[in-house]
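Below is one structure; the comments refer to it alone.
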Number of protein chains: 2
Amino acid sequence: MDNKTALLILNALAHKTRIEIFKLLIKAGAKGSCPGELAEKLQVPLTTLSFHLHHLKNSTLIEATQKGRQIVYCADFGKIAELIGYLLEDCCGKDVEALIQFFCKTKEKGERPLSTERQSCR
Amino acid sequence: MDNKTALLILNALAHKTRIEIFKLLIKAGAKGSCPGELAEKLQVPLTTLSFHLHHLKNSTLIEATQKGRQIVYCADFGKIAELIGYLLEDCCGKDVEALIQFFCKTKEKGERPLSTERQSCR
DNA sequence: TCCATTTTTCTAAAAATATGGAAATATTTT
DNA sequence: AAAATATTTCCATATTTTTAGAAAAATGGA
């Protein structure tokens, strides 16, 4: 991932409403969600929501498909994975090895590498 | 990591100059770097740089220590690791398992999980 | 103490981003 | 074709962020 895209994505996520939209779309999975539903859940006016959806779409984090008279938005899982890759490679410097070990160590023991308690999106 | 801190950190990284500062500090490692040096490398006026350093420090991504008449800034490696953890847990939903496998698969084969070519910070 | 060095705070102006109502567009239903 | 539904674009306003010069503060050395 190039610097420009990474900045675009970081910028898209760096907003309270937008990161909430993204989390809802991740939670929605492949079936996605539409503006009306999101606006209701987040209690945000439709025009404001539309603005943020456009922002997220422009960042490549989400995709839109017309389905009948609604537009279905889906999170691009690969893009957030790529962003994490970018942060690991470009922003973790020499200690990238340590981080990878962190992510892998409990895996070897057959445990979950990450706690599940806080996972609001599962 | 709570949502508020994650937003603060994402926001701090979502700026061209600031992410460059952060990368330089990661590269500098434990010995850190001072505003004068960073301003010269990035070709940014000192007052502007000071503004961004304050922003990064406020986000908890970097720390400052007075050393003689200079102030030495250091990247907090743990915080970027925590952010990655947050993104994995809160923004990768059901597919977090897939991501971990992605980070672990080549490890098992004794390969580097991430390419080193693009790593500007090593 | 006075001077040089380093960095910050203060400040004002410029630029970018966010908000939400009104109108417009697109699609389906009647 | 008209009405209903879902969403967007247009627009003006408000808010926040960024920029960088000038002055101030902190530290070390002569």
Side-chain angles (χ1 to χ4, degrees), chain A residues 3-25 28 31-76, chain B residues 3-25 28 31-76:
Chain A
N3 294 324
K4 204 178 136 207
T5 310
L7 265 178
L8 220 53
I9 293 182
L10 286 169
N11 202 54
L13 289 177
H15 186 281
K16 195 172 185 307
T17 303
R18 283 196 299 265
I19 201 167
E20 279 171 6
I21 292 171
F22 187 73
K23 285 183 191 179
L24 284 176
L25 290 181
K31 76 173 201 306
S33 184
C34 56
E37 192 176 26
L38 294 166
E40 228 244 286
K41 281 188 184 166
L42 298 175
Q43 288 291 292
V44 166
L46 254 172
T47 49
T48 302
L49 194 104
S50 184
F51 167 81
H52 290 305
L53 282 173
H54 181 80
H55 204 315
L56 282 162
K57 189 173 147 214
N58 182 248
S59 81
T60 73
L61 265 182
I62 68 174
E63 284 166 2
T65 335
Q66 185 101 31
K67 281 267 170 60
R69 70 178 106 184
Q70 356 198 38
I71 296 174
V72 174
Y73 283 91
C74 285
D76 184 339
Chain B
N3 294 324
K4 206 179 134 206
T5 310
L7 266 177
L8 217 54
I9 293 182
L10 285 169
N11 202 54
L13 288 177
H15 187 280
K16 195 173 186 304
T17 304
R18 283 197 297 268
I19 201 166
E20 279 172 6
I21 292 171
F22 186 73
K23 285 185 193 177
L24 283 176
L25 290 182
K31 74 172 204 304
S33 185
C34 55
E37 192 176 25
L38 294 166
E40 229 245 284
K41 281 187 184 166
L42 298 175
Q43 289 290 292
V44 166
L46 254 174
T47 50
T48 301
L49 194 103
S50 184
F51 167 82
H52 290 305
L53 282 173
H54 182 81
H55 203 315
L56 282 162
K57 190 175 146 210
N58 182 247
S59 81
T60 74
L61 264 183
I62 68 174
E63 284 166 2
T65 336
Q66 184 99 33
K67 281 266 169 61
R69 71 178 104 184
Q70 350 199 34
I71 296 175
V72 175
Y73 282 91
C74 284
D76 184 340

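The analysis underlying the following values was restricted to heavy atoms, covering all of them including side chains, and did not include hydrogens, waters or symmetry mates. The sequence lines fix the lettering, A, B, ..., with proteins before strands; numbering per chain opens at 1. All values derive from a computational prediction rather than experimental measurement.
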Completion exercise
One should read off an interatomic distance between B:Ile62 CD1 and B:Tyr73 OH, to the nearest 0.5 angstrom, of 6.0 Å
Exercise for the section: Go through B:Arg18 and A:Leu10 one step at a time and tell me if the side chain to side chain contact (heavy atoms under 4.5 Å, CB included) criterion holds. Expected result: CA-CA 12 Å; B:Arg18 283 197 297 268; A:Leu10 286 169; over 6 Å; no
Handout entry: Partner nucleotide, any strand, of C:dT30 [Watson-Crick/G-U, under 3.5 Å]
Key = D:dA1
Practice task
Determine, for nucleotides 5-12 of chain C in 5'-to-3' order, which nucleotides have protein heavy atoms under 4.0 Å from the base (write B), from only the sugar-phosphate (write S), or from neither (write -).
Solution key: BSBBB---
Problem - Over all atoms of both residues, closest heavy-atom pair of B:Gly32 and B:Cys74 - result: CA-SG, 3.7 Å
Practice task
Name all residues meeting the ring-ring contact (aromatic ring centres under 6.0 Å, His included) criterion together with B:His15; count only those two or more places apart in sequence or in a different chain, and write none if there are none.
Solution key: B:His52
Exercise for the section: Could you identify which residues of residues 7-19 of chain B place a heavy atom less than 4.0 Å from some atom of DNA chain C, listed by residue number, or say none? Expected result: none
Exercise for the section: Rounded to the nearest 0.5 Å, what's the gap from CG on B:Asn11 to CG on A:Leu13? Could you check? Expected result: 11.0 Å
Exercise for the section: Would you check if A:Asp76 and A:Thr60 make a side-chain contact, meaning some heavy-atom pair closer than 4.5 Å? Expected result: no
Under 3.5 Å donor-acceptor pairs involving side-chain atoms of residues 33-43 of chain A, not counting sequence neighbours:
residue	atom	partner	partner atom	Å
A:Ser33	OG	A:Glu37	OE1	2.7
A:Gln43	NE2	A:Glu40	O	3.1

Problem - Which residues share a side-chain contact (heavy atoms from CB on, under 4.5 Å) with B:Ala12, sequence neighbours left out - result: B:His55, B:Leu56, B:Ser59, B:Leu61
Handout entry: Outermost DNA chain D nucleotides near chain B [under 4.0 Å, heavy atoms]
Key = D:dT18 to D:dG29
Fill in the blank from the handout: For A:Ala64 and A:Ile71 the tightest heavy-atom approach is CB-CG2, 3.9 Å
Fill in the blank from the handout: For A:Lys23 and B:Asn3 the tightest heavy-atom approach is NZ-OD1, 3.0 Å
